[in-house]
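Remarks on the structure that follows.
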Number of protein chains: 2
Amino acid sequence: MTDGVTIGQAAAFAGITVKAVRHYHKHGLIDEPRRDNSGYRRYGSADLLRLVQIRTLAAAGVPLAEVGAILDADPDRFAAALVDVERRLNDRIDDLIARRETLRRLAAGDRALLPDSVLAKLDRVAADLDFTPDDVTMAREGLVLIRALVPEGFDDYVSRVESGLDDPRYVSLVKRLWGAAEWEPDDPRVDELATAMADYYLSHPALLPIPAGLRAGADGAIRYSLLAHHGEEQKPAWIRLRALFEARMRSAGIDIV
Amino acid sequence: MTDGVTIGQAAAFAGITVKAVRHYHKHGLIDEPRRDNSGYRRYGSADLLRLVQIRTLAAAGVPLAEVGAILDADPDRFAAALVDVERRLNDRIDDLIARRETLRRLAAGDRALLPDSVLAKLDRVAADLDFTPDDVTMAREGLVLIRALVPEGFDDYVSRVESGLDDPRYVSLVKRLWGAAEWEPDDPRVDELATAMADYYLSHPALLPIPAGLRAGADGAIRYSLLAHHGEEQKPAWIRLRALFEARMRSAGIDIV
DNA sequence: CGTGCACCCTGACCTAAGGTCAAGGTCAAT
DNA sequence: ATTGACCTTGACCTTAGGTCAGGGTGCACG
């Protein structure tokens, strides 16, 4: 009359693996049961119920180190612990739902990190200026960087650019700037464009594209540099364009970096 | 002109730890950046964007081993992978919500594992028979075991017991059975009760409490034994009661175990 | 009666996604 | 010149088990 079930049957009953049961033994969550005369563990009904309780708590995300204490607590503390477990489970669920939102935005590009209003503006501007999808991506990445590196200056920057876009001369410059992505670095138009941009910014100092906040603080130069170099790997003409533009500005007394 | 940010700044930007960034390097999720002349890593803007993408996928539960392939895939496969990731995330959310339900039932006892209709019946019976809370718990555990060990016979068992409860003689037997929990094992009433139970079951064979399905299959005897012994540690009189009852049944030609 | 197969035993090592610690180099400021 | 915050590598720790090795047990089939 071998009494009780073997570890495999107990595990199947509780919906877990044999190894998990032995793991629970090793960590003291459930006492070792009687052994039969060949050394096999033999589980009784109380063990099976205990295994189901352990599994239920573990599946709810309770660390095994706490499960034992919870199950052995008196009814009041047991109930309190369950309330706490449910709270933590709710937090995890809410967290995953938030991550799902972020993920959805990642699926539509890097829109995740920009406010919807800015994205709508970007889409309008992209249509006006005949941006390619790659251009839109790069512009978006630039905005993400600005927002991440200078959060307090981001809204200001967006509204400055937006008001600038009312001026046909500014629009024309931006168009030529993006067109320059396709130029060879030694194209003579690079020089012309750098001059035109410097002239424009010098006559509209409020429009200086990197807001003042960027250069405040110790690491301002680093931030500016990071931003200014963004995308240059893909657009060689921009490297020279930026150098020329900075030189023009510096010679006009505006020390950019 | 030290160009780029250090690992600590990059990690803060992406909302992760320095160690996580190094971990991503080791696993090839992001290339090692340039080092400055003191050996520090220097991250550029593209690296920062990559880190944010990695973090977003990892936070959605994508194993790091897959994150690299997803981010380096062409746009079509990238989009498909994100759809897949979102599906898995939804599964995890649904799973956690289900676990929360199970947990709530655990908080109210072991109700988790029984259908509501059965619980309602149990509550009514418990009120009729003046069960103590401990009695209710033990009865519930017995039902959980029956359901787990003989799932296909559970409904049948419940309806047999329910119809039996229409008979005052059966109700009286059940009351005495639970009352016996308090008796000493050598109480003469144990003998009386065993005889009365055997007589009753012999005249109502349809009521045999362990449904036929229990003894079907190779491990039927083990299952029965597990059930029959449940609770005996706490109720010594039941051990003798069960032995006497089984002997009476056997001598009437019904071989229980 | 032996052989295969499924199950059990222990113990040692492996996993993912980092965390922690040690021992030392670097940077900016005081 | 020293403090404190940051960086470097490398080795070990963590959770909740999974996998493998080497060996024992129980039962059915030929």
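Chain identifiers are assigned alphabetically (A, B, ...) following the order of the sequence lines, protein sequences preceding nucleic acid strands; residue numbering begins at 1 within each chain.
An OP1 or OP2 oxygen of dA17(C) is reached within less than 4.0 angstrom by no side-chain nitrogen or oxygen of Arg22(B). Side-chain N/O atoms of Arg35(A) include one lying less than 4.0 angstrom from OP1 or OP2 on dT10(C).
We find that Asp95(B) and Arg92(B) are not joined by a salt bridge, their nearest charged nitrogen and carboxylate oxygen being 4.0 Å or further apart. Between Arg88(B) and Glu66(B) there is a salt bridge, since a side-chain N of the basic residue sits under 4.0 Å from a carboxylate O of the acidic one. Ion pairing between a basic and an acidic side chain is recognised when a charged N comes within 4.0 Å of a carboxylate O; Glu86(B) and Arg100(A) show no such pairing. Look at Asp72(A) and Arg50(A) and you find a salt bridge, because one of the NZ, NE, NH1 or NH2 atoms lies within 4.0 Å of a carboxylate O, short of that distance.
In this structure, Tyr24(B) and Val67(B) have side chains that are not in contact, with every pair of non-hydrogen atoms separated by 4.5 Å or more. Inter-residue side-chain proximity for Leu71(B) and Phe78(B) is flagged as met; some heavy-atom pair is nearer than 4.5 Å. Residues Ile30(B) and Val21(B) have side chains not in contact (no heavy-atom distance under 4.5 Å, counting atoms from C-beta outward).
Less than 4.0 Å separates DNA chain D from at least one heavy atom of each of the following residues of residues 60-72 of chain A: Pro63(A), Leu64(A).
Atom NE2 in His27(B) sits roughly 7 Å away from atom P in dA17(C) (whole-Å rounding). When rounded to the nearest whole Å, the span between CD of Glu32(A) and C1' of dT10(C) equals 12 Å. Distance Ile7(B) CD1 to dA5(D) C1': 15 Å, rounded to the nearest Å. For the pair His25(A) NE2 and dG11(C) P, the computed distance is 14 Å after rounding to whole Å. Between the CZ atom of Arg42(A) and the C1' atom of dC7(C) there is a distance of 11 Å, rounded to whole Å. Atom NZ in Lys26(A) sits about 8 Å away from atom C1' in dG11(C), given to the nearest Å.
Between Phe245(B) and Tyr201(B), the ring planes are perpendicular. Angles over 60° get that label, and only those under 30° would be called parallel.
Which of dC7(C), dA16(D), dC7(D) sits closest to the side chain of His23(A) comes down to dA16(D).
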Please tabulate the protein-to-nucleotide N/O contacts below 3.5 Å involving nucleotides 27-30 of chain C, giving atom names and distances.
{"residue": "dC27(C)", "atom": "OP1", "partner": "Ser38(B)", "partner atom": "OG", "Å": "3.2"}

Collect all protein-nucleotide pairs involving nucleotides 12-15 of chain C in which both atoms are nitrogen or oxygen and the distance is under 3.5 Å.
none

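Counting heavy atoms of neighbouring residues, nucleotides and ligands inside a 6.0 Å radius, atom CG of Asp91(B) exceeds 12 of them.
Annotation for Arg22(A) and Ile7(A): closest pair CG-CD1, 3.4 Å, computed over non-hydrogen atoms.
Among the heavy atoms of the strands lying under 4.0 Å from Arg41(A) are primed sugar atoms or P, OP1, OP2 only; no base atom is included.
In terms of position along DNA chain C, the nucleotide closest to Val18(A) lies nearer the 5' end than the nucleotide closest to the other residue of the pair Val18(A) and Tyr24(B).
Counting only N and O atoms by type, the side chains of Thr56(B) and Gln53(B) include no donor and acceptor under 3.5 Å apart.
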